[in-house]
Amino acid sequence: MGLIRGVARTAAIAGTATAVSNRVSRRQANKWAAQDDQQAAQDEQAAKAEAYDQQQASAQQYPPQQGYPPQQGYPPQQGYPPQQGYAPPAQEDTITQLQKLAELKSAGILTDEEFAAQKAKILGS
């Protein structure tokens, strides 16, 4: 009987040790997963803040575009001069715009495709 009692005691101790070890492993895995989730959330928040800062910086770099006044749908009344047509930009403005565009490309702000599109827009082709 002593042998069976010793084997049973060893099995009970081994089973308890396994259960405790598994519980500790699960608890550590959950703790590390929570830390990873928290770090991922912080990284995501930092990326959003950086993207916002870049957006604000680029918005400050370009002046707002002036739009046309809202049209009411009424014909112009007599006494008002007719609206002037679009005047093409002066040659100096075009060169200045192209130089600024080249600076943005060399600074890495614009990609080659964006540069080409803006250049075509400025040159009107």
Whether over 12 other heavy atoms sit under 6.0 Å from Gln45 CD | no
Decide if atom CD of Gln42 counts as having more than 12 heavy atoms of other residues, nucleotides or ligands within a radius under 6.0 Å.
-> yes
Reported CD1-to-CZ distance for the pair Ile109 and Phe115, which is rounded to 0.5 angstrom = 13.5 Å
Separation between CD1 (Ile122) and OG1 (Thr94), nearest 0.5 Å, reads 7.5 Å
Residues two or more places apart in sequence or in another chain: which of them pass salt bridge (charged side-chain N to carboxylate O under 4.0 Å, His left out) with Asp43?
-> none
Is Lys105 close to Asp112 at the side-chain level, that is, under 4.5 Å between some pair of heavy atoms?
-> yes
Looking at residues at least two apart in the chain, or sitting in another chain, which of them share a salt bridge (charged side-chain N to carboxylate O under 4.0 Å, His left out) with Glu113?
-> none
Would you please name every residue forming a side-chain contact (heavy atoms from CB on, under 4.5 Å) with Arg26, sequence neighbours left out?
-> Asn22, Arg23
To the nearest 0.5 Å, atom CD of Gln97 lies from atom CG of Leu123 at 9.5 Å
Residues two or more places apart in sequence or in another chain: which of them pass side-chain hydrogen bond (donor to acceptor under 3.5 Å, both in side chains) with Asp36?
-> none
Apply side-chain contact (heavy atoms from CB on, under 4.5 Å) to Glu114 and list each qualifying residue two or more places apart in sequence or on a separate chain.
-> Leu110, Thr111
Side chain to side chain, Thr96 and Lys100, heavy atoms closer than 4.5 Å | yes
Those residues at least two apart in sequence (or on a different chain) that pass salt bridge (charged side-chain N to carboxylate O under 4.0 Å, His left out) with Lys31 are none
First locate atom NZ of Lys121, then atom CG of Leu101, and finally report the distance between them rounded to the nearest 0.5 Å.
-> 11.0 Å
Residues in side-chain contact (heavy atoms from CB on, under 4.5 Å) with Gln28, at least two apart?
-> Val24, Trp32
